[in-house]
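Below is one structure, written out as structure tokens, with a few remarks after it.
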Amino acid sequence: MGSMVLLDLMGGVALLLWGLHMVRSGIMRAFGSNFRRVLGTALRNRFLALLAGIGVTALLQSSTATGLLMTSFAARGLVELVPGLAVMLGANVGTTLIVQPLSFDVFAVAPVLFLVGLLAFNIGGRTITRDLGRVSIGLGLMLLALHILIDTLAPAESVPSVRIVLGAITAEPVLCVLFAAALTWAAHSSAAVVLLVMSLAYSHFVSPIAALALVLGANLASRRLPLGNLLNRAVGVVLVLPFLQPITDLFAQFDPNPARMAADFHTVFNVALALAFIFLLDGIARVLVWLLPEPAKLADPAVPLYLDEAAISSPSVALVCAAREALRMGDVIEAMLKQAMTALSNNDRKLAAEVSRMDNIVDRLDEAIKLYVTKLTRESLDDREGARAMEIIAFAINLEHIGDIIDKNLMELTAKKIKHKYEFSKEGAAELDSFHKRILENLKFAFSVFINQDVPTARKLIEEKTKLRAAELGSADNHLTRLREGRPESIETSSLHLDILRDLKRIHSHICSVAYPVLEAAGELQPNRLKDSDASEVLPLSRRPS
């Protein structure tokens, strides 16, 4: 009997946590950008920051989620410590607000919430209506979870082993604080733990004083809150813990219901903390700065290393600086191209996400290079310097296009392959790998052409473009042969295989673009192709001069 009660209890808590997650994620999807704007506006004043923290967290039901929003501001240097701590004080109060309505007997509303939520979720499409439907379902799940907890605990009053365990844990207020703190750390939700405490108190499993001590513990632990906010809560717990008995007697005079008592204490405790510490945040901020000095920042890979503004007045030097930065951008592209195929072959979702993040580095470097060279062109450049400036911009633009193809196309194909658990045939995987290796090799040739303006290597790149086109057609023919043979893996991955070939060929076209200015300057190009005298080596027989 005791083990079944424990299992039902754990199931109820899991359902409660999932309901909270649905409420939080639905609100965030519907109004996430608005929350960022509200917090950004409120950060100018500690009192506005306190109110914003209450409002945002009341909707998200997660002080951790509010903390993550604050972290995004801090990472960009947009928030000072004092208003940031004020937001977190408000977040502590905001987490109590959902506990208040759920402390009443509102289970009858759950079916209505499920029905409304399901209708909104199914008919809403990709709109706020669908997100709010998710919120409604989450609230219904929370009510259902509380009902399950109360129904589970009611017959367990007669089970001696359950009462012995809970009695041992809740016999001392200090043990209650530590136990609830551990539960909150594990559940990542003080609101969920307080709701569980309410269920225990309602079923008379814990005494009123033990319920308040458990609430203190739930307020103490939250693993991602800033240290300052944790210190505020710790001080509050230490100050209140010795006076739990008179506080319990005081709350009992207003409402003897132990579940309501726990909810009211949770709210009053956090409001009192906010009022007490809102005027002390300057001193707390100074202590935190002393305890946690600003760490040395890691180098941002998207920050240019070679674009020396002082060199703008010397065009020849500045062009070398820009070329070095463009080559550095090329190194990022090379890493993306390598890792993209690894992620595709190994179904590595984490690596695919890393490749997409690297595209942001490429975009920022591209903008920096173009801005730098544009400044440079305002100086007096001779024809050779002007042509080189345009070559650098064109090279950076082509690299940026390659990054977009990898991120927007190849990584989407990777996600599709992972989602549907597709696998290439052994021959198909080998063909794609060979095709990819040739492109990587030609990327190195492109770097050489860009730096050395080497005509023979430039010609080799253009020749490779024609050969690779033939290789693409050959690989596509082989794939179609496997399709005709009825191979299941080839049938499943047909469009995937051909799309990857297409995107790799597009990447190769951008790589080869670096060769055209060099060949044109050397007089090696006719308007549309290599000179006929040498093009016969690479052109199809049908297009060779007779």
Side-chain angles (χ1 to χ4, degrees), residues 20-21 23-100 135 184-185 188-194 218-237 266-295:
L20 266 174
H21 168 75
V23 171
R24 186 182 311 150
S25 59
I27 292 291
M28 197 65 188
R29 292 176 186 181
F31 307 113
S33 59
N34 293 328
F35 293 151
R36 291 182 177 88
R37 186 170 64 252
V38 168
L39 285 175
T41 303
L43 288 174
R44 294 190 294 267
N45 179 288
R46 74 178 66 187
F47 299 103
L48 286 176
L50 177 71
L51 294 175
I54 293 173
V56 170
T57 310
L59 289 172
L60 292 181
Q61 276 314 300
S62 172
S63 55
T64 300
T66 306
L68 290 174
L69 288 175
M70 295 304 302
T71 301
S72 69
F73 286 114
R76 290 179 284 167
L78 300 178
V79 56
E80 295 181 359
L81 189 54
V82 169
L85 287 171
V87 168
M88 295 312 301
L89 283 177
N92 297 338
V93 177
T95 57
T96 71
L97 298 186
I98 199 170
V99 172
Q100 284 294 334
V135 173
T184 306
W185 178 85
H188 202 163
S189 173
S190 58
V193 173
V194 172
N219 279 279
L220 178 63
S222 189
R223 58 182 172 185
R224 290 186 181 177
L225 289 181
L227 177 61
N229 190 58
L230 182 60
L231 289 175
N232 292 342
R233 288 189 171 196
V235 169
V237 170
H266 183 45
T267 300
V268 171
F269 175 76
N270 281 287
V271 170
L273 275 186
L275 293 176
F277 283 100
I278 190 69
F279 299 103
L280 304 175
L281 293 181
D282 294 294
I284 295 171
R286 285 193 292 270
V287 171
L288 289 172
V289 170
W290 177 71
L291 288 174
L292 302 170
E294 189 72 23

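Remember, it's a predicted structure, so these values are computed and weren't measured experimentally.
Of the options Leu89, Leu281, Leu275, a side-chain contact (heavy atoms from CB on, under 4.5 Å) to Leu50 is made by Leu89 and by none of the others.
Not counting sequence neighbours, the partners of Val235 by the side chain to side chain contact (heavy atoms under 4.5 Å, CB included) test are Leu239, Phe277.
What you find for Val237 and Phe269 is that their closest heavy atoms are N-CZ, 3.9 Å. Heavy atoms only, all atoms of each residue included: Asp282 and Arg46 are closest at OD2-NH2, 2.7 Å.
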